[in-house]
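Take a look at the structure set out below.
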Amino acid sequence: MVEHKDVVLALLGASAGLAGLVLVFLGLVVSAYGGLSGDTPAAVKRPLRGVGRFLLVDFALGLVCVALATVWLVELTAGMALYAATLVLFVAQLAGLAGSTVWTVKKLLWD
């Protein structure tokens with residue numbers, strides 16, 4: 001059986017890595033947005049802002065997951081609730097990354 005500590009350590013590293021990957025997508029969106037001229041209609045800018053917000057939320061999920069995993073590892077009395085919250089946030093981060101990937105590629109390549 002895998003120890004909870006090993007799972008949390010793996011989630012800590014994976015979450016930090018996924019958060020970094022989300023920042024790459026955010027950089028692509030910011031670059032695309034910055035490349036628009038000043039007179040670009042708001043209707044063109046709006047989808048990129050939406051993608052940017054979604055990416056920021058996904059990045060925040062990653063940071064919170066890293067923080068929870070760190071607290072669980074440091075806190076001597078950390079219980080199952082914190083462990084479960086870390087697992088749930090990691091799954092949410094994975095789902096957010098999948099959504100971010102699809103949405104970013106769609107907005108940058110097909111819109």
Residues 5-31 side chain polar contacts: donor-acceptor under 3.5 Å, at least two apart:
residue	atom	partner	partner atom	Å
Ser15	OG	Gln93	OE1	2.5
Ser31	OG	Gly27	O	3.0

message: By the side chain to side chain donor-acceptor pair (under 3.5 Å) test, which pairs, at least two apart or in different chains, include something from residues 20-30?
response: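 Listed by first then second residue: nothing to list.
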Expected list for residues 66-76: side-chain donor-acceptor pairs under 3.5 angstrom, two or more places apart:
residue	atom	partner	partner atom	Å
Thr70	OG1	Val66	O	2.8
Trp72	NE1	Gly79	O	3.4
Glu75	OE2	Thr77	OG1	2.9

Please tabulate, for side-chain N and O atoms in residues 36-47, each donor-acceptor pair with protein atoms closer than 3.5 Å (sequence neighbours left out).
residue	atom	partner	partner atom	Å
Ser37	OG	Asp39	OD1	2.6
Ser37	OG	Thr40	OG1	3.2
Thr40	OG1	Ser37	N	3.2
Thr40	OG1	Ser37	O	2.7

message: I'd like to check the side-chain contact (heavy atoms from CB on, under 4.5 Å) partners of Ala98; sequence neighbours left out, ordered by chain and number.
response: none
Please report, to 0.1 Å, the donor-acceptor pairs under 3.5 Å made by any side chain of residues 82-89, with sequence neighbours excluded.
residue	atom	partner	partner atom	Å
Tyr83	OH	His4	ND1	3.0
Thr86	OG1	Leu82	O	2.9

- request: Taking all non-hydrogen atoms of both residues into account, name the closest pair between Asp58 and Gly96 and its distance.
  value: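 Smallest interatomic distance, heavy atoms only, reads OD2-C, 3.3 Å.
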- request: Could you list the residues that satisfy side-chain hydrogen bond (donor to acceptor under 3.5 Å, both in side chains) with Arg49, not counting sequence neighbours?
  value: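 Scan of Arg49 (side-chain hydrogen bond (donor to acceptor under 3.5 Å, both in side chains), adjacent residues dropped) gives Tyr33.
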- line: Phe54 meets the ring pair (Phe, Tyr, Trp, His ring centres under 6.0 Å) criterion, sequence neighbours left out, with Trp103
